[in-house]
Each structure stands twice: as C-alpha cells, then as structure tokens.
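Atoms within a ligand are numbered from 1 in the order they appear, just like the ligands themselves.
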Amino acid sequence: MSSTSSAKRAVCHIVAMPYPGRGHINPLMNLSNELASKSDNILITFVVTEEWLSFIGSERKAGKIRFRCIPNVVPSELVRASDMIGFLEAVWTKMEAPFEQLLDELELPPTLIIADTHLFWAVSVGNRRNIPVASFWPMSTTMFSVFHHFHLFQEKGHFPVDLLDNENEQVEYIPGVSSTRLLDLPGFNGGIYPLILTQILGCVSWAGKANYLLLPSIYALESQTIDALKAELSLSIYTVGPSIPYLDLSHGDKGDCLQWLDRQPSNSVLYVSMGSFLSVSNVQMEEITAGLQDSGVRFLLVAREGSWKLKHGYGGEGLVVPWCDQLRVLCHPSIGGFWSHCGWNSVKEGIFAGTPFLTFPLFADQNLNSKLIVEDWKIGWRIKKHQFTTRGEISSLVKKLMDLESDDEVKQMRARGKELQKECLQAIERHGSSESTINSFIHSILQFNDH
Ligand SMILES: O=c1ccn([C@@H]2O[C@H](COP(=O)(O)OP(=O)(O)O[C@H]3O[C@H](CO)[C@@H](O)[C@H](O)[C@H]3O)[C@@H](O)[C@H]2O)c(=O)[nH]1
C-alpha cells in the first residue's frame, strides 16, 4: 500500500490494547509495527500497564506508535505464573475502567480499537462508544475454532469426559480441523483450563460482536480451518500473521548468545525454551538438563533463575541464559533444532526459521500446537509424551534429531520444515497472502475512518 496515495485522508487513530503477557504483547506490537509502516495515515496508541511499560518502553517500534499506560491493576508479571486464576480475574474485572479513563483523556479520539480477544470487555467499550473494534486472537486459528465450536463437544458426549477412559478418543467434527485427540484439547487435559473455560468461551463469543477478527496466523498453515471459520462467522476475518519481529532481524547488537552461536558449527545447536513465564518443576528441569548433557549435543537453554542447576554461561557443550533474542537465535545458521513449549509465537518463529521441533507443551493451547507440529505439518516429534519425561528419553530423541546423517525420517522432517519456511516467507512477500491481507485490512479501516 503506498503511503502517498492515502496522504490526504484523515488520520486513523488506533488504540491497541494487548493482554498483559509477553506472548500477547509481542504479536500485537509486531502487527502494529507493520500497520504503522504501511500507511502515513495511521497513528497507534499502544496501551500497557505501568509495569509492562518498564519492560518494553525502550524496545524498537515504528515512529507512529506511542505508548500510554494504565496503572498496575493486575498482579505483577514476576508472580503471574504462581496464581493464574487470580491474574485472569484481575484482567477480566480491573482493566476496563482505567482503559475507559485513558480513552477519555486521549487528545485525538480513537477511530479503531484493536484489543486482545481475551479482553472481552474491550468489545463492549467500543460498542458503547461507537468505535469499531478489531478482536486480535493471539493463538492458532485451530484453537479459536475449537473454542468457537465447543458446544459440539457437549452435543457429542465428549464434554465433560473422563480422559482416563478415553485416552485415545479422537474428535473429527470441528469444521476445518483435522482429527484431534481429546487429550490435546485445552479444558480436557487438566491444569487450570477447566476452571477458566467458561470465561474463555465467553471471550471467544464476544469476539463475534466485534467488527473484525484478526488472526496472527499464516493462511498456508491453517487454510482449511480459516476457510471454515470465514464461512460461518459474519464479521470480517483477516489472516495477518505471522506477526513475529522479522522486520527487526538485522537490528541491535549481537549479544553473548549470538556471539557464542557464531563459534558453533552449522546446524549443530539445539535451542531449548519453555516460553516467557512458566517454568517446569525442579525435578523435571534436572532431568532435562541431565538428558541434554548425556546426549552430547550442543544446546542453548533459556532458563530463569532457581529452576535449574546449571550456571549461567555453563560452558562445555551448552550455554544457559535467562533470556535471548529468540527469533535472531532461531535464524542463526548454527541452530539445528528447537525444543519448544509450543507457545503460538514460538511455533511461528520456529517455522519462519525452518527448524524442526521437539515439542514439550505445558498448558493452554500448547498441546494443540504440538499436535499441529507433529501430526499435521510433520515437522517435529513429541518429546513430552506423559506427565514426566526421563533423561534417557530426552537424550535419545535429542541425539536422533540432531544427527545430520541420521535416518530418512529426520531428513524428511527437516525438508518439510524448509517447505513450510518457504510458504511463510512467500506469505510476507509483496502480494503474498499476509501482505495482501494486511493491505486490505488497512484499506477497510481507512475507508471506515473517512466516513
Ligand atoms: O528467551 C526468550 C524467550 C521468549 N522470547 C519471546 O517471547 C515470546 C513468547 O511467546 P510464546 O512462544 O507464544 O510463549 P508464551 O509467552 O508462553 O505465550 C503465551 O501466549 C501465547 C499466545 O497467546 C500462547 O500460545 C501460549 O500458550 C501462552 O503461554 C516469543 O515472541 C519469543 O520470541 C524471547 O524473545 N526470548
């Protein structure tokens, strides 16, 4: 979209409101950067809590994005994982009022709200104020579709269900979604999801009252699911992904991680990450680090303090760091595999980098993402098959994945990873599926703005 062709239009002022979490803020910021860089007529006010502003305030962003913050009305990010239910309750009940107050105080009235689907109240704020709302769903479209069709589980006698008796039961009736084990669906496999399921289903249903649904996916990855949803929902759906920071790949200093990777042979390092805020138990972490060491494979492990015994900068075959620039790391030629907890952003980043996966899902949508990786796209293996994974299982799978001379199964998996990478790159090229979709979304909101 040319910026000059739209130069005489009124400014479209987007207020972007992410859910307060890394896996949600990152993709909405990445999308905001793309929107702002594509049209001179777009100004974006990106709203976060004071605490999140202190984390991301200095990160690179397009010139036409500015931060505004609301007070810290939700528990701190530093303790979020210890009480997810309390955190979610605060997100659902305490953020709306300060958000409305912020809208009242803006010098330029908003012409569009883009809000994370989990902030269901933002749709009603927009509807009350006559401001169009784009609901931003930060996970896979498959996950959205599962929630959207949740009533089918009840109708088919699959919910509620005792998973012990139905371990291998498959679900084949979600439109556009391939056959899926009940075990891989959130809400079915324990954890906190059953407790918050009703509320999440409510959020998904509120999205239907927005003007737009934005999916940070890539059409080629979930085409049947996306087509099926488009056929059912009346709101405008835009597949705008991957919404990862590929525009930033050449920016910033090379930190310790990248310099260490420069010294490793090509395709030799396994990158291991469990996401941005959850940790595994100490016992499991000990088993993971022992398995990695036993494998003899080079690894780069992201682990926060306390839950692991290796020291920062461990040396030998491994490097342990508390945080890294993940997409740049994944795209480094020394990386040959990705052990991932399967957060949706990590999944897309791994695909963008063309790395094969070892999947280690922890909660929420992650089992379903692992299923997409292993069964649908066939670009990885499940490393976590039961509640606890032993060092022996870890070491042998890691060795097998990282052996470049290994059997045809691994070679084929690597080749499929490269094919998906190509599809992902094509989507973001000029006239690619995502690039064109973002352009039509911009066209639509600018037109709306002019009327
Ligand atoms: O050392 C690190 C580790 C992570 N990241 C980034 O942090 C983000 C993490 O996002 P994601 O991979 O999606 O993981 P979570 O933070 O765990 O994401 C939450 O949000 C996602 C989107 O809703 C869900 O899919 C996940 O299940 C949920 O845990 C990604 O952009 C990573 O690049 C880094 O930059 N450096």
### Task
Would you mind listing which atoms of ligand 1 come within a distance below 4.0 Å of any non-hydrogen atom of Q366?
26 (C), 27 (O), 28 (C), 29 (O)
### Task
Decide yes or no for F87 and P20: does some side-chain heavy atom of the first lie under 4.5 Å from some side-chain heavy atom of the second?
yes
### Task
Could you list which atoms of ligand 1 come closer than 4.0 Å to a heavy atom of E349?
30 (C), 31 (O), 32 (C), 33 (O)
### Task
Describe, in one word, how the ring planes of F120 and W206 are oriented to each other, choosing from parallel (under 30°), tilted (30 to 60°) and perpendicular (over 60°).
tilted
#### Entry: Parallel, tilted or perpendicular: rings of F150 and F153 (30°, 60°)
perpendicular
#### Entry: Stepwise side chain to side chain contact (heavy atoms under 4.5 Å, CB included) check, R66 with K61
CA-CA 9 Å; R66 67 216 184 134; K61 59 177 174 27; 5.6 Å; no
### Query
Is the closest heavy-atom distance from Y19 to ligand 1 below 4.0 Å?
no
### Message
In this structure, does ligand 1 have an atom that sits under 4.0 Å from one of the heavy atoms of L327?
### Response
no
## Note on the structure
For F363, the ligand 1 atoms with a heavy-atom partner under 4.0 Å come out as 29 (O)
### Query
To the nearest 0.1 Å, how far is atom 19 (C) of ligand 1 from its closest protein heavy atom, and which atom is that?
G23 CA, 4.1 Å
### Message
Give the atom numbers and elements of ligand 1 that come within less than 4.0 Å of a heavy atom of D365.
### Response
24 (C), 25 (O), 26 (C), 27 (O)
### Task
Would you mind running through ligand 1 and noting each atom that sits below 4.0 Å from a heavy atom of M139?
23 (O)
### Query
Can you check whether W339 and F299 have ring centres sitting under 6.0 Å from each other?
no
### Query
So, does H341 sit close enough to ligand 1 that a heavy atom of it is under 4.0 Å from the ligand?
yes
### Query
Do R22 and ligand 1 have an N or O pair less than 3.5 Å apart?
no
### Summary
Ranked by distance from atom 5 (N) of ligand 1, the top protein heavy atom is W323 CH2, 3.3 Å
### Task
State the atoms of ligand 1, each with its element, that fall below the 4.0 Å cut-off from a heavy-atom position in V302.
1 (O)
#### Entry: N/O separation below 3.5 Å, C324 to ligand 1
yes
### Residue pair Y212 / S444, side-chain donor-acceptor N/O under 3.5 Å
yes
### Message
Quick one, D262 and K254 - any side-chain contact, counting heavy atoms below 4.5 Å?
### Response
yes
### Student check: side-chain heavy atoms of P356 and L401 closer than 4.5 Å
yes
### Close side-chain approach of I14 and L35, heavy atoms under 4.5 Å
yes
### Message
Are the side chains of M143 and P186 in contact, using a 4.5 Å heavy-atom criterion?
### Response
yes
### Query
Hey, are the side chains of I42 and I445 touching, using non-hydrogen atoms and a 4.5 Å cut-off?
yes
### Task
For G343, take its heavy atoms, then give the atoms of ligand 1 lying under 4.0 Å from any of them.
11 (P), 12 (O), 13 (O), 14 (O), 25 (O), 26 (C)
### Task
May I ask you to test the Y271-H332 pair for a side-chain heavy-atom distance under 4.5 Å?
no
### Query
Does any N/O atom on S346 come nearer than 3.5 Å to any N/O atom on ligand 1?
yes
### Min side-chain heavy-atom separation L103-I113 under 4.5 Å
yes
### Message
Students should be able to answer this: which protein heavy-atom is nearest to atom 16 (O) of ligand 1, and at what distance?
### Response
S276 OG, 2.4 Å
### Message
Give me the nearest non-hydrogen protein atom to atom 8 (C) of ligand 1 as residue plus atom name, then the distance to 0.1 Å.
### Response
N26 ND2, 3.7 Å
### Query
Does N345 reach ligand 1 with a nitrogen or oxygen that is under 3.5 Å from one of the ligand's nitrogen or oxygen atoms?
yes
#### Entry: Per-atom contacts, ligand 1 versus H24 - under 4.0 Å to a heavy atom
20 (O), 23 (O)
### Task
Have a look at ligand 1 and work out which part of Q326, if any, has a heavy atom under 4.0 Å from it: side chain, backbone, both or neither.
both
### Query
Is there a nitrogen or oxygen of D325 sitting under 3.5 Å from a nitrogen or oxygen of ligand 1?
no
